Amino acid sequence: MGNLFPSMCYLVSRDMDLAPGMVMADAGTLGMVIGGWKPGSPGVPPWRDFPHHALVLTAAGRARYGDRRGHVETLGPGDVLAVFPGLEHWFLPERDGGWDEYFIIFSGYTFAPWMTEPLLSPERPVMRLGQVAYWLRRFASVMSSQRTDGPLETVARLHGLLAEVARSATPQIHPDQQAWLDRARALLNDTQKRVSLGAIARQLDCSEQVFRKRFGELANEPPGAFRERARLELSCRLLTASSVGEVADRLGFCDQFQFSRRFKARYGVSPRMFQRL
């Protein structure tokens, strides 16, 4: 990639010695931005509590991401991972040799509104953008060491990138459709009632077949898959204070053995092992 993508390390501090090629823009309390290219990334093992925000663009290879909210996804070329302060997480390569990434780390109060609006959210840490070459150049254009302007301009360019990432990752649907989808998700997320998909469809004034089709088109996943993922993500939080059996019963699994099988299939470890991490 040439000099456009400098080598990076993960540590961030205003007092740190910058590694060769690292690009840093410090605009004081307005914001600090560090960015660069990292080929062959080894990833981050469980669990890292990173104090800053970050955007990580996968350029080549594949990685697996997971966090304490119970979210687990595979990242491939063109996917962007948003990292949030205080949310313990990990991401590791699927194969030896790591993967190539460009990432931008940022902090400062000018970025706070991005976290209070539903644009960048821990509920959706992975965004599928595609067009790897385009996004590599967009990320690099924020931090390019070839620029001669100051840190305030870098902060401003990052705001522009955040807006473009959020807009590109969010499907544009009609407000009425969004309201319908929000209600459907809320009904599927109600772990106390444990109602069937048919009963949810009736509450939405449609047949189960129409419900399945419409939800899949708007949410890009079947309603059953959404409910399963939501239950398992909630189980990760409940396991910090409850036994495996209690969590299985609360979330409506047949028994703790069924819950343990589903949990391990998704996260690669049993619920008891997860509690010990």
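All of these numbers come straight from a predicted model, not from anything done at the bench.
In this structure, Arg262 fails the cation-pi test against Phe259, since its NZ or CZ atom is not both closer than 6.0 Å to the six-membered ring centre and inside 45 degrees of the ring normal.
Looking only at distances, no side-chain donor or acceptor of Glu164 sits under 3.5 Å from a matching main-chain atom of Leu161. In terms of modelled atom types and a separation under 3.5 Å, the side chain of Glu228 and the main chain of Gly224 share no donor-acceptor contact. For Thr58 (side chain) and Ala60 (main-chain N/O), no donor-acceptor pair under 3.5 Å exists by modelled atom type. The backbone N or O of Leu197 sits nowhere less than 3.5 Å from a side-chain atom of Arg202 that would complete a donor-acceptor pair. The backbone N or O of Glu246 lies less than 3.5 Å from no partner atom in the side chain of Asp249, so there is not a single donor-acceptor pair. The backbone N or O of Gly40 lies less than 3.5 Å from a partner atom in the side chain of Asp100, making a donor-acceptor pair.
More than 12 heavy atoms of other residues, nucleotides or ligands shown are found within 6.0 angstrom of OH on Tyr134.
Of the N and O atoms on the side chains of Arg68 and His89, not one donor lies less than 3.5 Å from an acceptor on the other residue. For Trp180 and Gln178, the side-chain atoms include no donor-acceptor pair closer than 3.5 Å.
Contact check on Arg128 versus Glu73 returns a salt bridge, with a Lys/Arg side-chain nitrogen under 4.0 Å from an Asp/Glu carboxylate oxygen. Between Arg214 and Glu217 there is no salt bridge, since no side-chain nitrogen of the basic residue lies less than 4.0 Å from a carboxylate oxygen of the acidic one. Taking the charged nitrogens against the carboxylate oxygens, Arg212 and Glu208 do have a contact shorter than 4.0 Å, which makes a salt bridge.
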Exercise. Where do Arg138 and Tyr102 land on the side chain to side chain contact (heavy atoms under 4.5 Å, CB included) test, with the steps shown first?
Worked result: CA-CA 10 Å; Arg138 281 292 289 117; Tyr102 194 103; over 6 Å; no
For this session: Take Lys213 and Val210 through the test side chain to side chain contact (heavy atoms under 4.5 Å, CB included) and record every step on the way to the result.
Result: CA-CA 5 Å; Lys213 181 179 180 181; Val210 170; 5.8 Å; no
Problem set entry | Derivation of the side chain to side chain contact (heavy atoms under 4.5 Å, CB included) call for Ser235 and Phe263 | CA-CA 9 Å; Ser235 76; Phe263 191 96; 3.5 Å; yes
For this session: I would like to know whether Leu239 and Val244 meet side chain to side chain contact (heavy atoms under 4.5 Å, CB included); could you show each step before the answer?
Result: CA-CA 7 Å; Leu239 284 168; Val244 175; 4.2 Å; yes
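Among residues at least two apart or in separate chains, ring pair (Phe, Tyr, Trp, His ring centres under 6.0 Å) pairs with a member in residues 218-247 are Phe215-Phe226.
In this structure, Phe50 and Ile105 have side chains that are in contact, with non-hydrogen atoms separated by less than 4.5 Å. A 4.5 Å side-chain heavy-atom check between Trp37 and Leu136 finds at least one atom pair inside the cut-off. Phe106 is listed as a side-chain neighbour of Leu55, based on a closest heavy-atom distance under 4.5 Å. Two residues are said to be in side-chain contact when any heavy atoms from C-beta on lie closer than 4.5 Å; Phe103 and Ile34 fail this criterion.
Listed here is the closest heavy atom pair of Val132 and Ala59: CG1-O, 3.6 Å. The shortest non-hydrogen separation linking Pro45 to Trp90 is C-CB, 3.7 Å.
Less than 6.0 angstrom separates the ring centroid of His159 from the ring centroid of Phe111.
Note: Glu88 CD to Asp67 CG = 10.0 Å, rounded to the nearest 0.5 Å.
Note on Leu238 and Phe257: separate hydrophobic clusters, where clusters join Ile, Leu, Val, Met, Phe, Trp and Tyr whose side-chain heavy atoms are under 4.5 Å apart, directly or indirectly.
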